[in-house]
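Notes for the one structure printed next.
Counting from 1, the numbers follow the sequence of the chain as shown.
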Amino acid sequence: MSHTAHIPSHRKPRQRASKSALRAGVAGGVLSTIAVAGAAGPAQAEPVTQTIEMPTITSGFSTAVAASAQATQQVALDLETQADEDAAAEKAAKTAKKAHAEAVRKAEAKKKAEAAAKVRAEAEAKERAERASRTSERTTLSASSGSSDSGSSASAPSSSSNVSGSAASIVAFAKAQVGDAYVPGGTGPNSWDCSGLTQAAYRTAGIDLPRVSQSQSTFGTQVSLDNLQPGDILYWGSAGSAYHVAIYIGGGEFVGAQNSNTGTVQRSLDYDRPTGAVRVL
């Protein structure tokens, strides 16, 4: 091989002149900037030991936070006001509803009270009329108590043709008490118990009966229930220990002061079949 033969070079190729000039210019600018900064600054720079506040940024942020807090407070106040208004409206609605219900209740109570008062007034008027009728009938009985048997018989239209005057008087008195109240121990003139009524009825005929039903059930002659006559005393229970008495008025019916629920009534024997009977007349 020739010593003058071409040997490839390991050196980098030269850069273009334009790139070299650009790099030189940049480096020169950086060095110039450093030099100017060094000349303008103090000869010996001190290290920074404090944080420099940024008043403009901090003041703006505080203003924004304050505005946000105020807006939030206003929203909360508005919500609270709305809640109060809703609660007040609900309370007012409940109060109005309650007042309406109370007004309806009072109106209904007033209506019922007026109806009850009307019924009571009618009942009292009827009772007064009945009492007046009974009083008139009692007066007639008292006036005719000394009359003859035939005359007394005419005052007992429900009695049979062979009823004596005393029996007619007893029956008429008993029927005149129908509707009177039953009161334990009652002896009239407008309330009775069972034996008080029979005793008073017999007194119109001039006969004094024992006061209680047990004694009345043995005062006289025992008779069969198939052979009753007006004026006979009916009893319930056994003779001598009867718990209830009444007066047979003829036609299969009796009058008695039954109980506090019914008062003095006129009923068929089938309504409450008696145990036995006694004849006093």
Using atom types as modelled and distance alone, determine if a side-chain donor or acceptor of Ser217 lies under 3.5 Å from a backbone N or O of Gln214. yes
Within a 6.0 Å radius of atom CD on Gln73, are there more than 12 heavy atoms belonging to other residues, nucleotides or ligands? no
Any chance the side chains of Ser238 and Ser241 put a donor and an acceptor closer than 3.5 Å? yes
Salt bridge flag under 4.0 Å for residues Lys94 and Glu90: yes
Under 3.5 Å, is there a donor on one side chain and an acceptor on the other for Tyr235 and Gln222? yes
For the residue pair Phe254 and Trp236, is the inter-centroid distance of their aromatic rings smaller than 6.0 Å? yes
Any donor-acceptor pair under 3.5 Å from Tyr202 side chain to Leu197 backbone: no
Hydrogens and angles aside, do Asp86 and Gln82 bring a side-chain donor and acceptor to less than 3.5 Å of each other? yes
Output yes when Glu108 and Lys111 qualify as a salt bridge under the 4.0 Å nitrogen-oxygen rule, no when they do not. no
Asn227 side chain vs Ser224 backbone, donor-acceptor pair below 3.5 Å: no
Does a side chain donor of either Thr81 or Asp78 reach within less than 3.5 Å of an acceptor in the other side chain? no
Under-4.0 Å salt bridge between Lys91 and Asp84: no
Going by atom types alone, do Thr187 and Gln199 pair a side-chain donor with an acceptor below 3.5 Å? no
